Amino acid sequence: MSTAGAPGVQARGVGVRLDGREVLRDVSVTAAAGSWLAVIGANGAGKSTLLRAITGLLPYSGEVLLHGRPADRLKPRERARLVAYAPQSPELPGDTSVYDYALLGRSPYIRHFGRETRHDRAVTESVLERLDLARFARRRLGRLSGGERQRVVLARALVQQAPVLILDEPTTALDLGHQQQVLELVDRLRLADSLTVITTLHDLTLAAQYADSMLLMSDGRAAASGPVGEVLTEEAVAAHFGARVRVAEGEDGRPHLFLLRP
């Protein structure tokens, strides 16, 4: 099915209730095909809940469209071919190897009771190589560091080769070099394959370096959305993060944040 000209992800009036409590209220946002949307906000603002609703992991009110198709009408295998998700703190089976876990990303393309193909193995090996994980391919997940585990979770999502890639804090536990490596790889894949990328990132300057647009969440609502420079302002950071910052335009034309001491 061609998705040319269709928005990658549309959320319309999305709401989520958990344990009888309303945690998302009337959230609407659009991420164009091939664009990068950064979802920002203080802890507890509803960022991860929104991502899980979009991926179908939580029941929600309102509407979510994936390349123009209502997400709640998709079968699990159909949804998995459209959207890949890397959670912030997944439970990983300690006895599974890095290679076998990453290969699970090919599950939507493997027939029931079938086996992976040469292409499935090639995709998996390529992603592990690009994430500096090839040397750990046979290592058990239980023997990895936090940063290595984070990259393995991302590897499984990338191996899925879905046109929508949703990453919840993909740089958590990564050192500076691997943060840059991971985000540059995601951006190259986005540009090469017209992926729609949606991420949550605590580092606002880092988010501003890669995102085309931002959604600022506050208390389960969308407080602001639009181009990065319009959302990431000194006033917005003060109001929603309780921080005093100076926002300056870098040489790349993107905003950079500098904390100001009281």
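We're numbering straight along the sequence, starting at 1. What you see is a predicted model, and the numbers here were worked out from it, not measured in a lab.
The side-chain heavy atoms of Arg138 and Val98, taken from C-beta on, include no pair separated by under 4.5 Å. Taking the side chain as every heavy atom from C-beta outward, Leu183 and Leu206 approach each other to under 4.5 Å. Counting heavy atoms from C-beta outward, Pro93 and Leu141 have side chains that approach closer than 4.5 Å. The closest side-chain heavy-atom distance from Leu201 to Pro170 is below 4.5 Å. Put simply, the side chain of Arg25 reaches to within 4.5 Å of the side chain of Asp219, judged on heavy atoms.
For Asp95, the CG atom is loosely surrounded, since the number of other residues' heavy atoms within 6.0 Å does not exceed 12. Counting heavy atoms of neighbouring residues, nucleotides and ligands inside a 6.0 Å radius, atom CD of Glu63 exceeds 12 of them.
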Checklist entry - Given the rule in the side chain to side chain contact (heavy atoms under 4.5 Å, CB included) test, do Gln209 and Asp252 qualify, once you have shown the distances and angles that lead to the verdict? => result CA-CA 9 Å; Gln209 300 313 297; Asp252 55 3; 2.8 Å; yes
Item to check | Residue pair Tyr109, Gln161: steps toward the side-chain hydrogen bond (donor to acceptor under 3.5 Å, both in side chains) verdict | outcome: CA-CA 10 Å; Tyr109 309 97; Gln161 290 189 313; 5.8 Å; no
Checklist entry - Step by step, would you call Arg121 with Tyr99 a side chain to side chain contact (heavy atoms under 4.5 Å, CB included)? => result CA-CA 9 Å; Arg121 294 191 293 271; Tyr99 179 87; 3.2 Å; yes
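Leu158 and Leu103 fall within a single hydrophobic cluster, where Ile, Leu, Val, Met, Phe, Trp and Tyr are joined by side-chain heavy atoms under 4.5 Å apart, directly or via other members. Clustering ILVMFWY residues whenever any of their side-chain heavy atoms sit less than 4.5 angstrom apart, transitively, puts Leu37 in the very cluster that holds Leu82. Transitive grouping of hydrophobic side chains (ILVMFWY, heavy atoms separated by less than 4.5 Å) keeps Val29 and Leu165 in distinct clusters. Note on Val127: it clusters hydrophobically with Tyr101, by side-chain heavy-atom contacts below 4.5 Å among ILVMFWY residues. Grouping the Ile, Leu, Val, Met, Phe, Trp and Tyr side chains by contacts below 4.5 angstrom, directly or via other members, places Val197 apart from Val9.
Look at Glu78 and Arg69 and you find a salt bridge, because one of the NZ, NE, NH1 or NH2 atoms lies within 4.0 Å of a carboxylate O, short of that distance. Using a cut-off of 4.0 Å between Lys/Arg side-chain N and Asp/Glu carboxylate O, Asp72 and Arg79 are scored as not salt-bridged.
The minimum heavy-atom distance linking Val247 with Thr233 is given by the pair CG2-C, 4.1 Å. Here the closest heavy-atom approach between residue Ala222 and residue Leu215 is recorded as CB-CD1, 3.6 Å. Heavy atoms only, all atoms of each residue included: Arg140 and Gly94 are closest at CB-O, 3.4 Å. Looking at every heavy atom in both residues, Ser225 comes nearest to Val231 through C-CG2, 3.6 Å.
Here the options are Ile198, Leu66, Thr196, the test is side chain to side chain contact (heavy atoms under 4.5 Å, CB included), and the partner is Val83; only Leu66 passes. For the side chain to side chain donor-acceptor pair (under 3.5 Å) test with Trp36, the passing option among Asp212, Thr199, Asp187 is Thr199; the others fail.
A donor-acceptor pair under 3.5 Å is absent between the side-chain atoms of Ser218 and the main chain of Ala223, judged by distance alone. At least one donor-acceptor pair under 3.5 Å links the side chain of Arg77 to the backbone N or O of Pro108. The backbone N or O of Leu195 sits nowhere less than 3.5 Å from a side-chain atom of Asp193 that would complete a donor-acceptor pair. Although no hydrogens or angles enter the test, the distance criterion places no donor-acceptor pair under 3.5 Å between the side chain of Lys47 and the main chain of Met217. Between the side chain of Asp19 and the main chain of Arg21, no donor-acceptor pair closer than 3.5 Å is present. Side-chain atoms of Ser126 do not come within 3.5 Å of backbone N or O of Ala122 as any donor-acceptor pair. Remark: side-chain polar atoms of Ser145 are paired, donor with acceptor, to backbone N or O of Glu148 under 3.5 angstrom. A donor-acceptor contact shorter than 3.5 Å is absent between the side chain of Asp120 and the backbone of Arg106. Remark: side-chain polar atoms of Arg246 are not paired, donor with acceptor, to backbone N or O of Phe258 under 3.5 angstrom. A donor-acceptor pair under 3.5 Å is absent between the side-chain atoms of Glu169 and the main chain of Gln88, judged by distance alone.
A cation-pi arrangement is not found for Arg52 relative to Tyr85, the charged atom failing to lie both closer than 6.0 Å to the ring centre and inside a 45° cone about the ring normal.
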